[in-house]
Number of protein chains: 2
Amino acid sequence: MDIQLKRGFLDVCVLAAIKDGESYGYKIIKDLKPYIELSESTLYTILKRLETAEMLTVRSAEHDGRLRKYYRITDNGLKRIKEFRDEWKEMVSVYQFVIKEESHE
Amino acid sequence: MDIQLKRGFLDVCVLAAIKDGESYGYKIIKDLKPYIELSESTLYTILKRLETAEMLTVRSAEHDGRLRKYYRITDNGLKRIKEFRDEWKEMVSVYQFVIKEESHE
DNA sequence: ACATAATACATCGTAACACGAAGTATATGA
DNA sequence: TCATATACTTCGTGTTACGATGTATTATGT
């Protein structure tokens, strides 16, 4: 997906990836891969941003001798996902404007 | 619409605004207003970018003593709109992932 | 007559953000 | 032993939307 297009979706995708239970960085990237690809540097930037915005919480834990940071969604995060549903309506309206009278060969 | 979300739509909206015939800056802003809002500084940046990418051509003309620059879409521009239709499919897939199992109260 | 708004385009600086590159460190499998 | 996978971190960079500001003319209202 085009980088500019991604910008509006990445945050909410990361939230969606943890909304059914805790997850951690590496796993989030793999879970999102079929839908949207993002690099580690991108993800950790986003996670930090979402933490600052209090849309998720973090806890550190050791797993097989390696550090893992587990992320859990908050009420703010869930609210963000709900807002996205409204934003989607705007996107649909824009999409219809753009493809209006376009040939569908 | 959220600024991050806009980023993926603005270019293609501007192209859509001129795809049925020539238009000029001030008019494009007004025509797009019901769908997506953008400032003059944003628009002129976009127009310059699309011109560089050869997705539109420009001609200057005087109208009521004022300068006007008329923009016309090119084949590249039309191709861009077609590509957007494919990108939309990806967006739909991402959207469905995000709202999956979401309550629809 | 004068002020304000609308039309029309241009430039500059800034802040947000995705990303590649590079780094640190452990575990596993060939 | 050497590569690969796991796992998180930091830095620098390029793209980009936007507010602020500027220039200039025409139209409108009082």
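Within residues 7-23 of chain A, the residues that place at least one heavy atom under 4.0 Å from DNA chain C are, in residue-number order, A/Arg7, A/Leu10. Annotation: proximity of residues 31-47 of chain A to DNA chain D (heavy atom, distance under 4.0 Å) is found for A/Glu40, A/Ser41, A/Tyr44, numbered in ascending order.
Close to C/dA8, at under 4.0 Å from its OP1 or OP2, lies no side-chain N or O of B/Lys27. Of the side-chain N and O atoms in B/Arg49, one or more sit less than 4.0 angstrom from OP1 or OP2 of D/dA17. Dashed line: the shortest gap from a side-chain N or O of A/Tyr24 to OP1 or OP2 of D/dA7 is under 4.0 Å. For the OP1/OP2 pair of C/dC19 and a distance below 4.0 Å, the side-chain nitrogens and oxygens of A/Lys6 include at least one atom meeting the criterion. In terms of phosphate contacts, B/Lys30 brings a side-chain nitrogen or oxygen within less than 4.0 Å of OP1 or OP2 of C/dT7.
Other members of the cluster containing B/Leu67 do not exist, because no ILVMFWY side chain is joined to it at under 4.5 Å.
Both A/Gln4 and A/Gly25 lie near DNA chain D, and the one whose nearest nucleotide falls closer to the 5' end is A/Gly25. Judged by closest nucleotide on DNA chain C, B/Tyr71 is the one of B/Tyr71 and A/Ile3 placed further toward the 5' end.
Note on A/Arg66: a base of the nucleic acid sits closer than 4.0 angstrom, heavy atoms only.
Using a 4.5 Å cut-off on side-chain heavy atoms (C-beta onward), A/Thr57 and A/Tyr70 make no contact.
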